[in-house]
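This is a predicted model, so every value here is computed, not measured. Counting begins at 1 with the first residue of the sequence. Computation of the quantities below employed the complete heavy-atom set of this structure, encompassing side-chain atoms and omitting hydrogens, waters and symmetry-equivalent molecules.
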Amino acid sequence: MAVTFRPPITEFATASGDNVDTNGEQSLFDFPPKSIRELTISAQANDSNPTVFETGDTYDLSWGGDLAGRLQNAVVLRSDYIESDVGVVVFEGTNATTGEVVQVVWSPGFDLENWLGVNGDMGARSIGFHTTNLHNPEFGFVRHAADARIRSPAPQAPVERLMARELVQSS
């Protein structure tokens, strides 16, 4: 089954050129972080579990913006949790548009853009990210069919109406 993710602009950033692998296990964020927009992450057709981002898996990525590009068969370098409920996925590949190595960092459900603004001196490009797993297990999404009904503190609701971090009950 083909699965595609379209994260909001606040959840992703890139490292390219000299910003990639600045010390072997870390890369620096490109500046400005909003130089890419409209990220699309597509699982490979043969991926039997596309919502679990295992290191070594490959995905196709494309994005627009000032530094628009496309990565085919981008490899997952990192996929783990930075907090108990916050994951991070780092993809790496060669940009089909520019020919340079690019790493795309995605933090589903986490405002990476705000975090960068608070924690980094973006003008000096001084803040980076780890490119290898620091924790286990690997990050993944729970995915339900679009018409699945989920029990929450409110009456049952369609899965597509649930909000991030909303409590649900298991049966």
Original post:
Side-chain contact, heavy-atom cut-off 4.5 Å: W63 with N95?
Top reply: yes

**OP:** Please answer: with hydrophobic residues joined when any side-chain heavy atoms are less than 4.5 Å apart, are V75 and V101 in the same cluster?
**Re:** no

**OP:** Report the distance from atom OG1 of T131 to atom CZ of R78, rounding to the nearest 0.5 Å.
**Re:** 8.5 Å

Original post:
Is any side-chain heavy atom of L28 less than 4.5 Å from a side-chain heavy atom of I127?
Top reply: no

Original post:
Do D60 and S62 come close enough that some side-chain heavy atom pair is under 4.5 Å?
Top reply: no

**OP:** Drop me the distance from D80's CG to T132's OG1, to the nearest 0.5 angstrom.
**Re:** 8.5 Å

**OP:** For residues S48 and P50, report the shortest heavy-atom separation together with the two atoms involved.
**Re:** C-CD, 3.6 Å

**OP:** Locate the shortest heavy-atom distance separating V102 from S16; write the atom from each residue and the value.
**Re:** CG2-CB, 4.0 Å

**OP:** Taking the side chain as every heavy atom from C-beta outward, state whether D47 and Y59 have any atom pair closer than 4.5 Å.
**Re:** yes

**OP:** Please determine, by modelled atom types, if Q44 and D57 share a side-chain donor-acceptor pair under 3.5 angstrom.
**Re:** no

Original post:
Would you find more than 12 non-hydrogen atoms of other residues, nucleotides or ligands less than 6.0 Å from E25 atom CD?
Top reply: no

Original post:
In this structure, are over 12 heavy atoms from other groups packed under 6.0 Å from D111 atom CG?
Top reply: yes

Subject >> Identified side chain to side chain donor-acceptor pair (under 3.5 Å) counterpart of S27 within the set Q103, E92, H130 >> reply: Q103

Original post:
Rounded to the nearest 0.5 Å, how far does CZ of F12 lie from CD1 of I41?
Top reply: 8.5 Å

**OP:** Hey, can you tell me if F5 and F53 have their rings parallel, tilted or perpendicular (30° and 60° cut-offs)?
**Re:** tilted

Original post:
Between atom CG of D30 and atom CG of D18, what is the distance when rounded to the nearest 0.5 Å?
Top reply: 10.0 Å

Original post:
Side-chain heavy atoms under 4.5 angstrom apart, residues restricted to Ile, Leu, Val, Met, Phe, Trp, Tyr: same cluster for V20 and F29?
Top reply: no

Original post:
Given side chains that start at C-beta, do those of L39 and E11 come closer than 4.5 Å, heavy atoms only?
Top reply: no

Original post:
Between the main-chain N or O of L77 and the side-chain N or O of T55, is there a donor-acceptor pair closer than 3.5 Å?
Top reply: no

**OP:** Taking all non-hydrogen atoms of both residues into account, name the closest pair between T4 and S42 and its distance.
**Re:** OG1-OG, 3.5 Å

Original post:
Are T10 and N114 side-chain neighbours, meaning at least one heavy-atom pair lies under 4.5 Å?
Top reply: no

**OP:** Look up atom CD in E100 and atom OG1 in T94, then write down how far apart they are to the nearest 0.5 Å.
**Re:** 9.5 Å

Original post:
How many angstroms lie between OG1 in T14 and CZ in F91, if you round to the nearest 0.5 Å?
Top reply: 13.5 Å

